[in-house]
Structure formats: structure tokens, C-alpha cells
Amino acid sequence: MNAANPIGVFDSGVGGLSVLHEIRRSLPGEDLLYVADSGHAPYGDKSQQFIESRSIAISEFLVSRNAKALVVACNTATGAAVTTLRSRFMMPIIAMEPAVKPASEQTKSGVIGVLATSRTLAGDNFVRLFARYGEDVEILGQACPGLVEQVEAGDLSGDKTRLLLQRYVLPLLEQKADTIVLGCTHYPFLAPLIREIAGPGVAVIDSAVAVARQLSRRLEVGGLLADAADAGTECFWTSGALDKAKPLFSQLWNADVEVRPLPD
């Protein structure tokens, strides 16, 4: 493991590309490896054992590609598998956490809404966040079945996506939420539509910037930051259908990219 090695990032699907964007902005000299487990998305309705098994397999693949650090760019995988990953792999492992803390600090109404998968909301990580910050503010967890599938289909603003978001966002507004936390890495791609539905008086925040910042700190402490003089590269893999992956990745990455099949 050395500073020239790449950073490995993975998610249940393409949602983690929202985190990868922030990592690229923060660390322009790093080579990035990204795995989308779209063939098994969404993780939100899978068992913990299944998610843990997939997370280990994908991490082993990224380690085999000489990754010097891992980013679990998936809230559901974080809750189900990050403890196991940290016990198995002796490298910096950065995980997701819904941005409940910053939301609790900036809300004026004292009510924040958290959009997430059912598994994330039921996980120990969220339960701890709720216990830590729920005394000072009211935290409304809103499960969002169907949203991950809409992003995986590349439908970021169609009628079905809009109807789903209205179903999930409007009840939070009716309960006086003035801050909405995006508790799934797929959801930042829906942020423009969420902001349109919620209106200008509602803040919409996610964790990607904080994750990129923490990754940068961990690499610096470990002497693993790449030379920023050279522009970093990106490599993409998917366990899903390649004919669908290439246009979707290119759409969400805002550039034409090649996507490779993830080995079994």
C-alpha cells in the first residue's frame, strides 16, 4: 500500500457516484475505482447476511486492485457490514452516516426529516443518531421504497419519480420539517426535484462532502495522499447489465465513461 495506489469506492448501485463526485472534487490527483452492485440493487430489502457477503466480496475485489483505502458509499451497507469490513481489512475504511448532526444544528423549526431506505432507518447506526440528537430536535424518519429503483433506471425527474417524492416529502413538510437529510447516496441525484417540491425555505443536505473530507484526512494522516500535480483517473465496474450501465454512468458522471463487468 502506497500513495500512488487507487481509492476503492462501492455502493449497491450507481448512487455512490454522488459521493465519488465529491471525492474527485476534493482529491483531484487520486485514481478512483468504483463498483456498482446494480445486479443486486437495492440493498434496502436484502438481509444483513446478504449485504455483508456482497460488501466483503466487493471489498476483496477492490483490494485485489491495490486499493489503499475503501469508501463504503452506501448507508445500508455501512449499517450492515462496516464493522465486519474494518475487522477484515487493515486500511482506512470510510463509511456513510446520515447528516443528522448538521441538520440538527441548522434547523429553525426544530424538526428534521430523514429520507432513507427502511433498512437504514431500522439500523443500529440510525438508532444511535436518533438517541444522540433526538432530545434536542424532532427527527422524522421517512422510508422511501422505489426511489433507488428510479435512480437506477436513470429517471431523475419523470412523473413516477415526482409522485414518489411528493408522497415522501410532503408529509414531512406538514409536520413542520425545515431540513431534509438525504440518507441514501442515490438521493442526491434527486435533490433538484426534492428542492422543487419542498420549496426554498427547506434545506436539503447529504453526507458526501463530509465523507470526502474524512477520506482526505485519513489519507493525509497515513501519508497516503497522491501527488496532486497529476490528474487522477476513474475506473468503473458493475454487476448489472452493461448495456444499461454505460449510458446511466455517463449520465450521472456527466461524462462519457467505460464500464466493465464485475467478475463473479
- Derivation and outcome, side-chain hydrogen bond (donor to acceptor under 3.5 Å, both in side chains), residues Thr117 and Thr120: CA-CA 5 Å; Thr117 67; Thr120 293; 3.0 Å; yes
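- By the 4.0 Å N-to-carboxylate-O rule, Arg213 lies too far from Glu22 to be salt-bridged with it.
- Listed for the Lys246 side chain is a donor-acceptor partner under 3.5 Å among the backbone atoms of Val257.
- Between Phe236 and Trp253, the ring centre distance stays below 6.0 Å.
- Tyr43 pairs with exactly one of Asn75, Thr76, Asp37 by the side-chain hydrogen bond (donor to acceptor under 3.5 Å, both in side chains) rule, that one being Asp37.
- Between Leu182 and Val204 the shortest side-chain heavy-atom distance falls below 4.5 Å.
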- Task: For salt bridge (charged side-chain N to carboxylate O under 4.0 Å, His left out), just list the numbers for Glu138 and Lys176, CA-CA rounded to whole Å, side-chain angles, deciding distance to a tenth of an Å, and then say yes or no.
- Result: CA-CA 10 Å; Glu138 184 176 2; Lys176 309 302 182 186; over 6 Å; no
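- Look at Lys244 and Glu152 and you find no salt bridge, because none of the NZ, NE, NH1 or NH2 atoms lies under 4.0 Å from a carboxylate O.
- From Asp31, atom CG reaches atom CG of Asn5 across 9.0 Å, with rounding to the nearest 0.5 Å.
- No path of Ile, Leu, Val, Met, Phe, Trp and Tyr side chains, each step under 4.5 Å between heavy atoms, connects Val209 with Leu129, placing them in separate hydrophobic clusters.
- The closest donor-acceptor contact from the side chain of Thr161 to the backbone of Asp155 lies under 3.5 Å.
- Connection of Leu147 to Leu172 is established within a shared hydrophobic cluster, with ILVMFWY side chains joined at heavy-atom distances below 4.5 Å, either directly or through further cluster members.
- Listed for the Ser55 side chain is a donor-acceptor partner under 3.5 Å among the backbone atoms of Ile51.
- One finds a salt bridge joining Glu30 and Lys68 here, because a Lys/Arg side-chain nitrogen approaches an Asp/Glu carboxylate oxygen to under 4.0 Å.
- Just one residue in the list Leu193, Val202, Leu190, Ile180 forms a side chain to side chain contact (heavy atoms under 4.5 Å, CB included) with Val169, and that residue is Ile180.
- Within the 3.5 Å criterion, the main-chain N or O of Ala73 finds a donor-acceptor partner in the side chain of Thr185.
- A donor-acceptor pair is defined here as one N or O able to donate and one able to accept, closer than 3.5 Å; such a pair exists between the side chain of Ser207 and the backbone of Glu97.
- The OG1 atom of Thr84 sits 10.0 Å away from the CZ atom of Phe89 when rounded to the nearest 0.5 Å.
- No donor-acceptor pair under 3.5 Å is formed between the side chain of Thr107 and the backbone N or O of Ser104.
- For the side chain to side chain contact (heavy atoms under 4.5 Å, CB included) with Val114, the qualifying choice from Val100, Leu140, Thr179 is Val100, the only one to do so.
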